[in-house]
Amino acid sequence: MSLDLAIREGISKAFASLYSFELASAEVALQETRKEFEGSFTFTTFQFAGRVKKRPDELAQELGDFLKENVDEVEDYNVVKGFLNIVIADSVWLKTFNSILKDEQFGSHPSNGQTVMVEYSSPNTNKPLHLGHLRNNFLGYSISQVLKANGYKVVMANLINDRGIHICKSMIAYLRFGGNKTPEEYGKKGDHMVGDFYVRFDQEYKSEIEELIVEKRNEYPALDSVEDLKARKKEIEKKGKKNELSAEEREQLNAIKELFNRAEKEAPIFLEAQDLLRKWEAGEPAVYDLWKKMNGWVYAGFEDTYKRIGVSFDKYYYESDTYLLGKDLVMEGLEKGAFYKKEDGSVWCDLTNEGLDEKLVQRGDGTSVYMTQDMGTADLKYKDFTLDKSIYVVGNEQDYHFDVLKRIMKRLERPYAEGIYHMSYGMVDLPHGRMKSREGTVVDADDLVDEMVQTAKQRTDELGKIDGFTEEQAEKLYHQLALGALKYFILRVDPKKRMVFNPEESVDFQGDTGPSIQYTFARISALLRKGKEDGVAFENIDLSAYNGLEAQERDVIVALSNFPKVVADAGRNYAPSEVASYAYDLSRVFSRFYAELPVFKAEPEVIAFRLALSSAVAKVIEKAMNMLGVEVPERM
RNA sequence: GGUCCAUUAGCUCAACUGGAUAGAGCAACUGCCUUCUAAGCAGUAGGUUCCAGGUUCGAGCCCUGGAUGGAUCACCA
């Protein structure tokens, strides 16, 4: 029985026998005692005081007496106002530590027989991965590991968006300007090369729009450039927000908008891209081959990046296979009365009684929309793996979409509907604002990793601690540190929140950072190496009879004992950040122990105990960091 | 305009889901390498938790109203 469970049961019994008051042990809320008070667990009595007709401090006192008397684990207690601080005997902590040592699976929960799919990454094949994708990939990979530790069977899936107008844009630009070159000839990774052509399309498109506007803009002789027109448009729109538009201005705004719209729709390169999409959908061989070829380049590039950032997938889905799915669900929904058809033949799901809008699930012409496709894909995933839960790691701009998806699947009575969870995360901002590809403020994932590796190398060289490393070992270390810094920096933040990525800060390796935790592991590894060299037996030893526990050592054991709960909470809350902050806490508690208590200048028994303690910390740090997708080096 | 989300130290983030004097790191300042790795440890300083009300023994957290920033409300994906 775990320690906190024993105490919760004790409190429950105390209430029953002292006051005939029923409080299930599961309902007993224990918190960690704040460090300025003595004790390990705190029970707050205020909310119960009235119900058992006692003053809070009086109640705490009586509960404390009962616990001290009846619960073996409780050595002592103290009461501050209504707070009952429970002191645990060192022998109990040692017993706890002993069972941690023996438990190879410590922190991992046994299989719960459930299967969960985590869909993440899900890139478009028209441009390389950037900083925003990194948050997605790190979160997806990490939550998968956390769920595995919670006893789920996890399928990591990547739904690749490999079709649509955006890919056609890259294709058109390649046809026009690509000179039939391969990525090798072009001198870039495949994904970057295709991304270049996507940008090229945009440039071309813009200049064609401008040409068209210049041609047709005779209505505005006073304005002589497209920039002027845009500025004028903005100005009027701003006024419009305050409802101060004159009829003339409104007319002018509409005219400008119309002008832009027409130009956007009539630009030759855009028409070509649309035409290409039609040809692709018709399966025209030449178009299809080009599409395959270019996607192949992109995939090779992605695989390379995935490998570098240490994420992987068990299953790939391609939108070119799934984009027509879901039509049978539309039929089913109509039959079940979950959907209805409008006069024009379009099919809708009415969610107004749930406080949402009506949602289109099929166009009037019978073709699918995004939602249709996602409905079908959800069903496909279930058919493939019989999922209990389905997690979508997707940015919070799609909160509404997934809210609707879940409700629709519930109306279609899908068994997995309740298990759909949108792991929504906030955007990654740069210190000067959000990333905008058009303004060139996108941080490319590959470049970022390169820079981080450079920084790691530089930092390591400055410290000069890795003499004797082969080049290969050194490269590996730089990579581990770079990714450790990057992943930790991103994962320590609550996923739901928007975060600021400051390139200068993220390369910091001191303080609350990945490398500083990795450093703790490296130091422990050094201790253990020395222990082994000295022939100290510290593995598989029984320490239940050890005495003379120091405060710093007890703090380490307490921190260790929290690990299983942290893993469970992180899984329940879908929050890798909780694992990250735990890893840092543990690392700090250990560092304090390390700084204040020497390991090898002690009695043999103490040496063995401290080495065992250190090795347990190393194992937990490794497990926790691995859950974040971070590797830990034995030397740095 | 409707809906949803955010706002905590100069900066980046926490706060165990309503508990004690709101904590860390960075930046600044003090100490600690002749002792197991100083990428560390100990300390000083830094707060009207956006504002105004409310709920209760107790509110950063819940409720109401407002401010600021963002997302979304496509027969785009």
Side-chain angles (χ1 to χ4, degrees), chain A residues 29-34 36-37 42 44 46-47 49-50 56 80-83 85 124 161 163-166 319 323 344 346-348 355-357 359-365 367-371 373-374 395-401 403 424 426-427 429 431 434 456 459-460 462-463 465 481 485 489 492-494 496-502 504-506 508-520 522-531 562 565-566 569 573 577-578 580-582 584-585 587-588 590-601 607 610-611 614 635-636:
Chain A
L30 286 180
Q31 47 185 120
E32 245 173 77
T33 304
R34 296 183 69 101
E36 56 264 41
F37 302 103
T42 294
T44 330
F46 299 101
Q47 49 182 318
V80 181
K81 289 186 272 181
F83 297 95
N85 299 321
N124 290 344
N161 185 358
R163 63 164 285 282
I165 190 74
H166 48 281
E319 228 174 86
Y323 82 108
D344 62 0
S346 58
V347 181
W348 298 74
L356 302 181
D357 300 322
K359 185 73 193 178
L360 179 84
V361 294
Q362 190 173 70
R363 292 191 190 105
D365 63 6
T367 55
S368 301
V369 290
Y370 180 37
M371 187 56 77
Q373 189 187 129
D374 261 9
N396 63 5
E397 66 274 12
Q398 295 200 37
D399 282 356
Y400 183 75
H401 174 79
D403 190 12
S424 160
M427 212 169 300
D429 286 320
R434 69 182 284 188
R459 209 58 57 90
T460 306
E462 278 165 16
L463 291 169
K465 288 185 184 179
L481 293 176
F489 186 85
R492 66 189 244 273
V493 181
D494 182 346
K496 291 191 294 288
K497 292 192 180 165
R498 245 182 128 90
M499 67 176 290
V500 176
F501 183 86
N502 185 330
E504 272 121 57
E505 233 171 78
S506 67
D508 213 322
F509 288 2
Q510 277 160 12
D512 188 4
T513 65
S516 127
I517 300 171
Q518 289 171 313
Y519 178 67
T520 301
R523 280 165 132 191
I524 296 176
S525 300
L527 284 181
L528 301 182
R529 277 194 302 271
K530 185 164 161 52
N562 287 334
K565 185 181 177 325
V566 169
D569 287 348
N573 298 332
S577 58
E578 294 180 18
S581 87
Y582 171 77
Y584 181 60
D585 285 346
S587 167
R588 289 207 80 190
F590 179 83
S591 293
R592 178 168 201 169
F593 155 79
Y594 181 90
E596 295 177 4
L597 299 174
V599 171
F600 289 103
K601 275 189 182 174
I607 295 180
R610 289 182 181 165
L611 283 177
S614 305
R635 286 188 58 190
M636 64 182 273

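Protein chains get the first letters and strands the later ones, always in sequence-line order, with residue 1 at the start of each. The model shown is predicted, which means the values in this text are computed figures rather than measured ones.
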Q: Please determine if a side-chain N or O atom of A:Arg363 lies less than 4.0 Å away from the OP1 or OP2 oxygen of B:C76.
A: yes

Q.
Under 4.0 Å, heavy atoms only, any strand: does A:Gly164 hit a base, just the sugar-phosphate, or nothing?
A. nothing

Q. For B:G40, does OP1 or OP2 lie under 4.0 Å from any side-chain N or O of A:Ser516?
A. yes

**Q.** Interatomic distance, A:Leu527 CG vs B:U37 P [rounded to whole Å]
**A.** 7 Å

Q: With the side chain of A:Arg498 defined as its heavy atoms from C-beta on, choose the nearest nucleotide among B:U37, B:G70, B:A20.
A: B:G70

Q) Among B:C75, B:C36, B:G25, which nucleotide sits nearest the side chain of A:Tyr584? A) B:G25

Q.
Nearest to the A:Phe83 side chain among B:G19, B:G40, B:U35, which nucleotide is it?
A. B:G19

Q) A:Phe46 and A:Phe83: ring pair (Phe, Tyr, Trp, His ring centres under 6.0 Å), yes or no, with the steps? A) CA-CA 8 Å; A:Phe46 299 101; A:Phe83 297 95; 5.3 Å; yes

Q) Using a cut-off of 4.0 Å on non-hydrogen atoms, how would the nucleic acid contact of A:Arg635 be classed: base, sugar-phosphate, or nothing? A) base

(Q) By nearest atom, which of the nucleotides B:A14, B:C36, B:C57 is closest to the A:Lys497 side chain? (A) B:A14

Q: Give a yes/no on whether any side-chain N or O of A:Arg592 is located under 4.0 angstrom from OP1 or OP2 of B:A42.
A: yes

Q: Describe the nucleic acid contact of A:Val493 in one word from base, sugar-phosphate, nothing, applying a heavy-atom distance below 4.0 Å.
A: sugar-phosphate

Q. With sugar-phosphate meaning primed atoms plus P, OP1 and OP2, does A:Ser591 contact a base, only sugar-phosphate, or nothing at under 4.0 Å between heavy atoms?
A. sugar-phosphate

Q. Under 4.0 angstrom, heavy atoms only, what part of the nucleic acid is A:Val500 near: base, sugar-phosphate, or nothing?
A. sugar-phosphate

Q: Name the nucleic acid region contacted by A:Thr42, choosing base, sugar-phosphate or nothing; use a 4.0 angstrom heavy-atom cut-off, strictly under.
A: base

Q: Quote, to the nearest angstrom, the P distance that separates B:U30 from B:G69.
A: 41 Å

Q.
It should be established whether A:Arg34 places a side-chain nitrogen or oxygen under 4.0 Å from OP1 or OP2 of nucleotide B:G23.
A. yes

Q) So what does A:Asp494 touch, heavy atoms closer than 4.0 Å: a base, only the sugar-phosphate, or nothing? A) sugar-phosphate

